Amino acid sequence: MQTIYSMEKIIPLGEYIERGINALETNFSFLWRAIDDGISWTVSFMNDFFLAIPFVVFLLVVATVAYYAKSRGRLFSREGLKRGVGLTLFVVFGFFLIYGMGYWKEAVQTITLVLVSTAIALLLGIPFGILSAKSNIADAIVKPVLDFMQTMPAFVYLIPAIFFFSVGNTPGVIATVIFSVPPAVRLTNLGIRNVPGDVVEAGRAFGANEKQILYKIQLPLAMPTILAGINQVILLALSMVVIASMVGAKGLGSLVYQGIQQNDIAKGFESGLGIVILAIVLDRITQAVANKK
Amino acid sequence: MTDDRDIIIKAEGLTLIFGKRKKEALELLNRGYSKTDILKKTRCTIGVNKASFEIKKGEIFVIMGLSGSGKSSLIRCLNRLNEPTDGKVYFKDHNITRETNKQLLHTRRTEMSMVFQKFGLLPHRTILENAAFGLEIRGETREQREEKARIALKTVGLEGYEEQYPRELSGGMQQRVGLARALANDTDVLLMDEAFSALDPLIKSDMQDELLQIQNKLHKTIVFITHDLNEAMKVGDRIAIMKDGVIEQIGTAETILTSPATDYVEAFVERVDRKTIITAETLLFKHPTTVKLGKIGPKGVLHKMREAGLNVLPVVDNLDKFLGYVWLEDMIDLEKRKVQSIESALYSEVPSVLKSYTVEEMLPLITGHHYPLAVVDEEDGRLLGLVTQTSLIIESTRYSKTEMNELIDNANDL
């Protein structure tokens, strides 16, 4: 059969991108090194710190936080008890299960990766969200970038991440940040744009400058939406941590990955269940905080 | 009459255009193109069209018009929430339209505060924190601002609600918070943008009364926006009526009612309850024929009556102080009996009113009598003039003179 279309590469776009990334790598190696050092140090420090805490203490702290967030400050009332008891029991049983399956260390590594990635994602995402809420031009630039970041298959980020940072936790964190930052930007933007115009106008009428309007009016009123964004960031980060294990990030994700490679159903299922438990705990706690108001 | 020092806000040719091609639109406007033509040519809307006015210190200046008349846009030009496209706004001695950003913030913080139709309260803050908001923006310490906010809340009758949140309060009470927030800043000027329009009628009326009471104590200069003519008439010392961005007329409620400048204003004021606005001063018949007690006898009075075609005349003393009335029949009687003094025939048990009495207040005084109402000076009781019964009835019923005459004829036939 005759080919009716050319199989030749006419536009070698990938090559250009590769060349560009190469150039970035060689010219800014000091920067990548610094980022790598910073992230590696933070991750290992937090890992060591969390692992130094006895399991029971860690469990108690998380259970207390869960109870506090769910009971909305009414700690010792019947109502508070009714609201908070479910999640608290879930934390206790869930964490005991992970501990009992022998994956506590990996679970802590996963929590660390999620926390570090989330922190970086928020540090980047919220300011960009504010910027795109304040300026339509910024919004027009940021939006397609976010679309790109969200629709590009997550695995693709792993390749340049390895290229810059070799294997380990750092490329995992970087890929996770790229994957999970969009909701932080989007929901911050949305939250601020949805603040009623009359309240902002009242602020202006009383002589508030831009900074006062942002901190005293827009951010407080946008907070529920921003918190919903943070919740999304955390869940996306958790889902990315599994993929990140392909580039050497440690934790439950790497156990899942091993399970796939070794065709080990038991390991795969157990570690997968561990991720689910962490996801539910993180989601419910952050949601409870977000719904507080 | 008014001297320049009394004027606190002065607007000259204030124009506000919405849209992208403002300059073009302004030029067309200056060349006399109509609003619709300008919209067609430049896709720009004229919000405010060359508004000029002066607001005196201590008065309530009402800007009134229907929705879309540009009144809310106009008030926002005064503190530049809307940037005027053309024209000037003077506040005291400075030109607000030329202020830098920093000066403008200072003006908003210390010279003018604003109350909004939709209240504009911060839902995440307590009533006290909301009332203290303006002071917080100004940078006052917590203690200072909370003390002032407490006083302001007390002024508007919200003592005891300090720790509650806006959503826990009714609309009327929320607007009291809005008013307290503006009062706490203790600015000379208060801008009130449809402040009571979102409230139900009873609460609205309460709030108007309260505003007037507060104004009696604090003597602010208030710029008050409303679409409700009755509200305008009630609270306004002077009223500016706006239509399509143009100020059609500025004047007191009474001037606007009695001599509307344009057809629009006339059509507008037709539905107003005039009884509560028209006062004795407007209906006053000045320099009536009077009888000076002791200077003239029954014969002279009869002569005057015949000349004026009246059967009743007011009597005054040497200093023009109003004493009462004398009637034709009594004069004829005195004349017959050859009595020289009219004093015995003087009816002194008659009501008299002041210039500021409204038609509504005067109506009960004329029922059952057949004499006009004497209008006297508040200080010395001097007779200023008369208000006839016919004019009162015309005012209160809005019948025309011919209709009145018909009515009287019909009544006589019966």
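Just so it is clear: chains get the letters A, B, ... in the order the sequence lines come, proteins before strands, and each one is counted from 1. The shown structure was predicted, so the numbers you read here are calculated from the model rather than taken from an experiment.
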| request: With side chain to side chain contact (heavy atoms under 4.5 Å, CB included) as the test, would you mind laying out the steps for B:Arg125 and A:Ile217 before giving the verdict? | output: CA-CA 10 Å; B:Arg125 290 173 170 233; A:Ile217 299 174; over 6 Å; no
| Side chain proximity check, A:Glu201 to B:Met114, heavy atoms < 4.5 angstrom | no
| Should we say atom CZ of A:Phe128 is surrounded by more than 12 heavy atoms from elsewhere, each under 6.0 Å from it? | no
| Taking everything shown except B:Glu143 itself, do over 12 heavy atoms lie less than 6.0 Å from its CD? | no
| task | Locate the shortest heavy-atom distance separating B:Asn79 from A:Ala205; write the atom from each residue and the value. | result | ND2-CB, 4.1 Å
| task | Check the surroundings of atom CZ in B:Phe91: do more than 12 heavy atoms from other residues, nucleotides or ligands lie under 6.0 Å from it? | result | yes
| query | Is atom NZ of A:Lys134 surrounded by more than 12 heavy atoms (other residues, nucleotides or ligands) closer than 6.0 Å? | reply | yes
| note | Okay, B:Leu121 and chain A: the region with an atom under 4.5 Å from a heavy atom over there is backbone
| task | Give a yes or no on whether A:Phe93 atom CZ has more than 12 heavy-atom contacts from other residues, nucleotides or ligands under 6.0 Å away. | result | no
| message | For a 4.5 angstrom cut-off between non-hydrogen side-chain atoms, does A:Phe206 reach B:Thr187? | response | no
| query | Given that the side chain runs from C-beta out, which part of B:Arg80 has a heavy atom under 4.5 Å from chain A: side chain, backbone, both or neither? | reply | neither
| Between A:Ala202 and B:Gly120, which heavy-atom pair has the shortest distance, and what is it? | CB-O, 3.6 Å
| task | For chain A, find which of B:His106, B:Gln117, B:Glu136 contributes the most heavy-atom pairs closer than 4.5 angstrom. | result | B:Glu136
| said: Does B:Glu147, at its CD atom, have more than 12 non-hydrogen atoms belonging to other residues, nucleotides or ligands within less than 6.0 Å? | reply: no
| task | Measure A:Gln212 against the heavy atoms of chain B and call it side chain, backbone, both or neither at under 4.5 Å. | result | side chain
| message | At a heavy-atom distance under 4.5 Å, which candidate from B:Arg181, B:Arg138, B:Met112, B:Lys118 has the highest pair count against chain A? | response | B:Arg181
| request: Say whether, by atom type as modelled, one donor and one acceptor occur between the side chain of B:Arg108 and the main chain of A:Ala208 under 3.5 angstrom. | output: no
| message | Within the structure provided, determine whether A:Lys216 and B:Ile137 are in side-chain contact (heavy-atom separation under 4.5 Å). | response | yes
